[in-house]
Amino acid sequence: MNQLTVLIPFALPPAELARDLLRQASAPALAMLLARAGQTAPPQACDPFSRALPHEHWLAQHFGLTRSTPDSSPPAASALMQRFGHGAREGHWFVLHPAHIHVARDHLVLTDVGQLQLEQAQSQKLFDAAAPLFVELGYELIYGDARTWFIRADAWAGLRTSTPGAASGRNVDIWMPEGPGELAWRKLQNEVQMQWFTEALNEEREARGLKTVNSIWLWGGSNAGADTGAKPGATSVAPGGWQLPLGQGGAAELGALVAASGPRLLALDTLIELALAEEWGLWLQRVEELDRDWLAPLLDALRAGAIDRIELVLTGSDRVRQFGTGRANLRKFWVKPSLSRLAA
């Protein structure tokens with residue numbers, strides 16, 4: 001079957017805001033797909049204090065990433081290293097992000113790493129400044145891109161970590177790594193923080209109204225030399241996030257997705273940053289953009305028979321819902337388009 005799965009993290013707004021938000025939302029294509037869809041999986045409630053967001057758990061399951069450490073973030077390091085062209089290596093590896101942590105009234109808070117606006121040259125400069133510390137303490141450090149690095153720490157296998165998305169906007173003490181290597185990690189983190197405190201780069205960023213890069217965040221531990229069981233061949237398109245391979249989006253890429261055969265995945269993650277920041281007015285605007293730029297063309301493709309079926313995977317901060325729509329579903333003319341299922 002020519003099926004396209006569309007994952008939209010944080011398409012499900014908080015229950016207490018859902019009615020008011022959906023009353024203002026204009027997303028006719030999504031309303032049509034939802035109203036005439038069948039539910040393809042039972043509603044799934046998720047622990048709001050999990051070490052990963054619901055869509056991150058779903059992606060790990062979709063790509064066959066088996067978590068060996070209970071109550072930890074998905075073991076994504078190996079898959080991400082391959083994405084950045086780093087082949088299989090011996091040892092246990094983690095994903096490492098340059099980060100900004102700020103002081104709230106009585107605790108420290110992690111800022112969404114997507115808000116850092118860290119340029120390649122800046123990231124490379126910070127990487128070069130921190131690298132000798134890693135070598136001195138016995139860790140191997142690899143550069144991925146401006147916001148994604150990797151660290152080998154064999155002794156930390158079993159360390160329980162949290163994705164930056166799960167920890168964003170929250171007290172970092174609750175989400176810090178726990179278990180084997182916990183104290184060694186905190187020592188390394190403190191060393192890097194002190195090193196970067198003296199960097200002129202952060203003064204320049206502050207002068208431009210940007211957040212300083214004053215810490216690092218660790219997650220996603222996996223054995224990069226072992227088979228992760230990840231499923232090959234999935235297509236993923238999104239402007240950001242850990243789940244990629246990425247594309248730039250737009251009509252050409254959308255057309256390629258429609259024209260491809262077999263099951264594939266389209267991940268539209270532009271709502272995440274706004275939901276984590278609780279910018280619900282901007283969230284409404286982004287929903288309308290997603291509907292116009294992505295879902296409306298896909299609905300047209302479904303009507304025309306270019307796609308046999310669209311599977312919607314919608315998540316919020318604490319739940320996952322799945323709906324499937326085929327061409328036959330669209331013939332239910334008596335069912336009025338509605339976004340009400342986003343509030344269920």
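- Between R205 and Q122, the side chains place a donor N or O and an acceptor N or O closer than 3.5 Å (distance only, hydrogens not considered).
- Side chain of T163 to backbone of S73: no donor-acceptor contact under 3.5 angstrom is found.
- In this structure, F84 places its CZ atom where more than 12 heavy-atom neighbours from other residues, nucleotides or ligands lie under 6.0 Å away.
- Annotation: R292, atom CZ; neighbour count of heavy atoms from other residues, nucleotides and ligands within 6.0 Å is above 12.
- E203 places no side-chain N or O within 3.5 Å of a backbone atom of A200 that could act as its donor or acceptor partner.
- Atom-to-atom distance recorded for Q39:CD and L34:CG is 11.0 Å, nearest 0.5 angstrom.
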>> Test salt bridge (Lys or Arg N to Asp or Glu O under 4.0 Å) on R160 and E182; report intermediate values, then the result.
In response: CA-CA 9 Å; R160 298 185 301 278; E182 174 184 349; over 6 Å; no
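- Rounding to the nearest 0.5 Å gives a distance of 10.0 Å between CD of Q193 and CD of E191.
- Put simply, the side chain of E140 reaches to within 4.5 Å of the side chain of W93, judged on heavy atoms.
- Aromatic ring centres of Y139 and W156 lie closer together than 6.0 Å.
- Inspection of the E288 and S26 side chains reveals no N or O donor paired with an N or O acceptor under 3.5 Å.
- Under the 4.5 Å side-chain heavy-atom criterion for grouping Ile, Leu, Val, Met, Phe, Trp and Tyr, I101 is not connected to L210 through any hydrophobic cluster.
- Residues D112 and E273 approach most closely at OD2-CG, 3.4 Å, considering heavy atoms.
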>> Set out, in order, the CA-CA distance, both residues' side-chain angles and the distance that settles salt bridge (Lys or Arg N to Asp or Glu O under 4.0 Å) for D145 and R147, then state yes or no.
In response: CA-CA 6 Å; D145 69 2; R147 69 178 189 178; 5.5 Å; no
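- Grouping the Ile, Leu, Val, Met, Phe, Trp and Tyr side chains by contacts below 4.5 angstrom, directly or via other members, places L276 with L17.
- Side chain to side chain, T40 and E311 meet the donor-acceptor criterion of an N or O pair below 3.5 Å.
- With salt bridges taken as basic N to acidic carboxylate O contacts below 4.0 Å, one links R303 and D300.
- With N190 contributing its side chain and K187 its backbone, the two residues share no donor-acceptor pair below 3.5 Å.
- Closest approach of P54 and G316 over heavy atoms only: CG-O, 3.3 Å.
- Taking 4.5 Å as the limit, every side-chain heavy atom of R170 sits out of range of all side-chain heavy atoms of L110.
- A salt bridge between E289 and R286 is present, with a side-chain N of the basic residue lying under 4.0 Å from a carboxylate O of the acidic one.
- For the side chain to side chain contact (heavy atoms under 4.5 Å, CB included) with V6, the lone residue among V313, L312, L33 that qualifies is L312.
- Minimum interatomic distance between H107 and N171 (heavy atoms only, all atoms of both residues): CB-ND2, 3.4 Å.
- Q189 places a side-chain heavy atom less than 4.5 Å from the side chain of S215.
- Residues L65 and L59 form no side-chain contact, since every pair of their non-hydrogen atoms from C-beta on lies 4.5 Å or further apart.
- The two atoms that bring L12 and L314 nearest to each other are CD1-O, 3.4 Å, heavy atoms only.
- In this structure the side chain of V320 reaches within 4.5 angstrom of the side chain of C46, judged on heavy atoms.
- Looking only at side-chain heavy atoms (C-beta outward), V192 and F134 come within less than 4.5 Å of each other.
- The main-chain N or O of D20 is found under 3.5 Å from a side-chain atom of Q24 such that the two form a donor-acceptor pair.
- Between the side chains of Q44 and R321, no donor N or O sits under 3.5 Å from an acceptor N or O.
- L137 and I216 fall within the same hydrophobic cluster, defined by Ile, Leu, Val, Met, Phe, Trp and Tyr side-chain heavy atoms under 4.5 Å apart, directly or through other members.
- R51 and S162 form a side-chain donor-acceptor contact under 3.5 Å, judged by distance and modelled atom types alone.
- Using the six-membered ring where Trp is involved, W219 and H97 have ring planes that are parallel, under 30° apart on the 30 and 60° scheme.
- In this structure, the separation between CD on Q115 and OG on S168 is 8.0 Å, given to the nearest 0.5 Å.
- Using modelled atom types and a 3.5 Å distance limit, the side chains of H57 and S50 yield a donor-acceptor pair.
- Using a 4.5 Å cut-off on side-chain heavy atoms (C-beta onward), L108 and D173 make no contact.
- For the side chain to side chain contact (heavy atoms under 4.5 Å, CB included) test with L339, the passing option among V287, L30, L21 is L30; the others fail.
- Under the 4.5 Å side-chain heavy-atom criterion for grouping Ile, Leu, Val, Met, Phe, Trp and Tyr, V213 is connected to V103 within one hydrophobic cluster.
- Atom CG in D291 sits 11.0 Å away from atom CG in L268 (nearest 0.5 Å).
- Listed for the S222 side chain is a donor-acceptor partner under 3.5 Å among the backbone atoms of S78.
- Classification of the H92-F94 ring pair by plane angle, with boundaries at 30° and 60°, yields perpendicular.
- Judged by distance alone, the side chains of T212 and E206 never bring a donor and an acceptor atom under 3.5 Å apart.
- Looking at every heavy atom in both residues, L218 comes nearest to T161 through O-CB, 3.7 Å.
- Side-chain contact check for R264 and N2: at least one donor-acceptor pair (N or O, by modelled atom type) lies under 3.5 Å.
- Taking hydrophobic clusters as Ile, Leu, Val, Met, Phe, Trp and Tyr residues chained together by side-chain heavy-atom distances below 4.5 Å, V113 does not share a cluster with Y143.
- Between the side chain of N202 and the backbone N or O of W196 there is at least one donor-acceptor pair closer than 3.5 Å.
- Taking OG1 of T111 as the reference point, atom CH2 of W217 lies at 11.0 Å (rounded to 0.5 Å).
- No donor-acceptor distance shorter than 3.5 angstrom exists from the side chain of H55 to the backbone of S317, with no hydrogens or angles considered.
- Counting all heavy atoms, side chain and backbone alike, L201 lies closest to K125 at CD1-CD, 3.9 Å.
- Under the 30°/60° scheme for interplanar angles, the aromatic rings of W283 and W280 are found to stand perpendicular.
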> Going through the distances and angles, do I142 and H86 end up as a side-chain contact (heavy atoms from CB on, under 4.5 Å)?
Replying inline: CA-CA 9 Å; I142 291 179; H86 300 295; 3.2 Å; yes
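- When side chains are defined from C-beta on, M32 counts as touching L330, because their heavy atoms get closer than 4.5 Å.
- Between W149 atom CH2 and L96 atom CG the span is 7.0 Å, to the nearest 0.5 Å.
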